[in-house]
Amino acid sequence: MVQRKAYAPHLSGAPPRVVQSKFDLDGAWMQSVDDTTLLAKFGATTAALWSALREHKADIGISSGGSGGGWNFSTMMLEISSSWFNPIKEYVTNGTKGTQLGRGIAALTHEMSHAHDQIVRKESPRGASKDTDAFVIAVLKTELRAWMKEARCARENYKDKSIPPGDDNNNLIKGWLGVHFSLKDAKNVLKADVYENPVVGRLHKYFNDNKSTKTTSTLADLLTTSSTGLAADLTSYAQQIRDKFTSDDTMLRSVASGAISTS
């Protein structure tokens with residue numbers, strides 16, 4: 001599984017970079033893609049994020065390269081592998097559905113979700129002290145939303161646009177289905193296998209990577225404290241992925257069986 005990262009704010013106080021257009025650098029072509037084209041090419045989740053960021057006044061630099069993706073909350077720079085990003089440009093330009101297209105759309109949607117959180121929703125870890133629970137909660141909330149939109153767009157683009165999602169996206173969708181059934185059965189979702197369930201595995205990873213030595217709460221504490229909103233997010237997002245299917249629960253439970261807690 002390729003891990004993507006949302007960069008934490010720099011603590012040096014350096015101002016964000018300033019560019020001349022909204023989508024800039026490698027993503028400058030994205031500015032001219034209109035809503036009609038977006039809805040013709042992509043599912044609703046990807047199209048809505050792209051349109052909202054295109055219409056906003058904020059500047060977003062996009063750099064293609066490397067092996068993954070990331071969003072930097074300080075510089076408002078989106079980074080994405082060229083092997084994911086280039087097929088999207090080719091698809092928009094001439095309709096070519098390359099082998100990495102589904103993976104690329106999901107990756108771009110994930111990072112645009114982070115950008116949308118910060119720029120439109122005004123929600124991000126930026127400004128929170130890394131020594132507080134508030135910082136860890138903010139990181140987990142933006143990641144959970146990005147993982148949901150990543151999975152939701154993969155399902156939409158496959159169902160509505162016949163774009164194969166790829167194994168990573170299929171596994172993430174199954175992970176969200178596993179969360180849905182774990183919560184539905186009133187089980188502790190953290191008992192799900194971290195190796196079989198990407199959502200739970202990522203939760204553990206991002207909590208461990210972003211907590212500080214002064215963090216006293218455990219991941220379970222944050223998920224069981226209603227004021228954090230994390231449990232509500234999990235429930236809502238898992239249901240949204242479930243709602244993208246029309247099959248009965250028995251079949252979906254079977255599909256997601258490896259991602260469901262058996263304890």
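Atoms considered below: every heavy atom in the structure, side chains included; atoms not considered: hydrogens, waters and symmetry mates.
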Do [X] and [Y] belong together in a cluster built from hydrophobic side chains that touch within less than 4.5 Å?
X: Val33; Y: Leu39; result: no
X: Leu223; Y: Val199; result: yes
X: Tyr158; Y: Phe245; result: no
X: Trp84; Y: Leu53; result: yes
X: Ile163; Y: Val92; result: yes

Say you draw a straight line from [atom1] of [X] to [atom2] of [Y]; how long is it, rounded to the nearest 0.5 Å?
X: Thr235; Y: Leu183; atom1: OG1; atom2: CG; result: 4.5 Å
X: Met77; Y: Ile62; atom1: CE; atom2: CD1; result: 9.0 Å
X: Arg103; Y: Ser83; atom1: CZ; atom2: OG; result: 9.5 Å
X: Lys130; Y: Asn210; atom1: NZ; atom2: CG; result: 7.0 Å
X: Leu144; Y: Ser236; atom1: CG; atom2: OG; result: 10.5 Å
X: Leu190; Y: Leu219; atom1: CG; atom2: CG; result: 5.0 Å

Over all heavy atoms of both residues, which pair between [X] and [Y] is shortest? Give the atoms and the distance, please.
X: Thr75; Y: Asn72; answer: N-OD1, 3.1 Å
X: Ser217; Y: Phe207; answer: O-CZ, 3.3 Å
X: Val189; Y: Val200; answer: O-CG2, 3.6 Å
X: Thr109; Y: Cys153; answer: OG1-SG, 3.5 Å
X: Ala256; Y: Gly178; answer: CB-N, 3.8 Å
X: Ser81; Y: Gly66; answer: OG-O, 3.4 Å

Is there a donor-acceptor contact under 3.5 Å from the side chain of [X] to the main chain of [Y]?
X: Thr224; Y: Ala220; answer: yes
X: Gln118; Y: Phe73; answer: yes
X: Thr215; Y: Ser212; answer: yes
X: Ser257; Y: Ser254; answer: yes
X: Thr45; Y: Lys149; answer: no
X: Thr46; Y: Gly43; answer: no
X: Thr218; Y: Asp221; answer: yes

Listed partners of [X] passing side-chain hydrogen bond (donor to acceptor under 3.5 Å, both in side chains), at least two apart:
X: Asp193; value: none
X: Asp26; value: Ser64
X: Arg155; value: none
X: Asp160; value: none

(request) Test Asp34 against Thr36 for side chain to side chain donor-acceptor pair (under 3.5 Å), laying out the working first. (result) CA-CA 6 Å; Asp34 59 26; Thr36 299; 4.5 Å; no

(request) Applying salt bridge (charged side-chain N to carboxylate O under 4.0 Å, His left out), name anything that partners Asp185, two or more places apart in sequence or on another chain. (result)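 Partners of Asp185 under the salt bridge (charged side-chain N to carboxylate O under 4.0 Å, His left out) test: Arg253.
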
(message) Applying salt bridge (charged side-chain N to carboxylate O under 4.0 Å, His left out), can you list everything that pairs with Arg121, at least two apart in sequence or on another chain?
(response)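 So Arg121 forms a salt bridge (charged side-chain N to carboxylate O under 4.0 Å, His left out) with Asp117, Glu123.
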
(request) Report the C-alpha separation of Gln240 and Arg152 in whole Å, then their side-chain angles, then the decisive distance to 0.1 Å, and conclude whether the side chain to side chain donor-acceptor pair (under 3.5 Å) test is met. (result) CA-CA 8 Å; Gln240 288 186 49; Arg152 193 170 72 185; 2.3 Å; yes

Are the side chains of [X] and [Y] in touch, meaning some heavy atoms are under 4.5 Å apart?
X: Leu108; Y: Met30; result: yes
X: Asp24; Y: Asp59; result: no
X: His180; Y: Ile241; result: no
X: Leu203; Y: Val194; result: no
X: Phe181; Y: Leu252; result: yes

(message) Run Phe135 and Leu140 through side chain to side chain contact (heavy atoms under 4.5 Å, CB included) and show every step you take.
(response) CA-CA 9 Å; Phe135 177 81; Leu140 294 182; over 6 Å; no

(message) For Arg202, is there an ion pair with Glu150 - N to carboxylate O distance below 4.0 angstrom?
(response)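 Salt bridge between Glu150 and Arg202, a charged N being under 4.0 Å from a carboxylate O: yes.
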
(request) List in chain and number order the residues that pass side-chain contact (heavy atoms from CB on, under 4.5 Å) with Ser129, two or more places apart in sequence or in another chain; answer none if no residue qualifies. (result)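 side-chain contact (heavy atoms from CB on, under 4.5 Å) list for Ser129, sorted by chain: Asp131, Thr132.
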
(request) Could you list the residues that satisfy side-chain contact (heavy atoms from CB on, under 4.5 Å) with Ala154, not counting sequence neighbours? (result)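 For Ala154 the side-chain contact (heavy atoms from CB on, under 4.5 Å) partners, ignoring immediate neighbours, are Pro165, Asn169, Ile173.
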
(request) Scan for salt bridge (charged side-chain N to carboxylate O under 4.0 Å, His left out) pairs involving residues 39-58, sequence neighbours excluded, and state none if there are none. (result)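 Sorted result for residues 39-58: Asp35-Arg54.
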
(request) Return each pair, listed once, that meets salt bridge (charged side-chain N to carboxylate O under 4.0 Å, His left out) where at least one residue sits in residues 233-246; pairs must be two or more places apart or across chains. (result)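 Counting only pairs at least two positions apart or across chains, the salt bridge (charged side-chain N to carboxylate O under 4.0 Å, His left out) contacts touching residues 233-246 are Lys141-Asp233, Glu156-Lys244, Arg242-Asp249.
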
(message) Going by side-chain contact (heavy atoms from CB on, under 4.5 Å), Trp71 matches just one of His110, Glu79, Glu111. Which one?
(response)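 Looking at His110, Glu79, Glu111, the match for Trp71 under the side-chain contact (heavy atoms from CB on, under 4.5 Å) is Glu111.
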
(message) Heavy-atom count check: over 12 atoms from other residues, nucleotides or ligands less than 6.0 Å from Asn208 CG?
(response)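 Enclosed.
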
(message) Tyr237: which residues meet the ring pair (Phe, Tyr, Trp, His ring centres under 6.0 Å) condition with it, sequence neighbours left out?
(response)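 With sequence neighbours excluded, Tyr237 shows a ring pair (Phe, Tyr, Trp, His ring centres under 6.0 Å) to no residue whatsoever.
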
(message) Once ring pair (Phe, Tyr, Trp, His ring centres under 6.0 Å) is applied, do any residues pair with Phe42, and if so which ones, sequence neighbours excluded?
(response)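 By the ring pair (Phe, Tyr, Trp, His ring centres under 6.0 Å) rule, Phe42 matches Trp50, Tyr91.
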
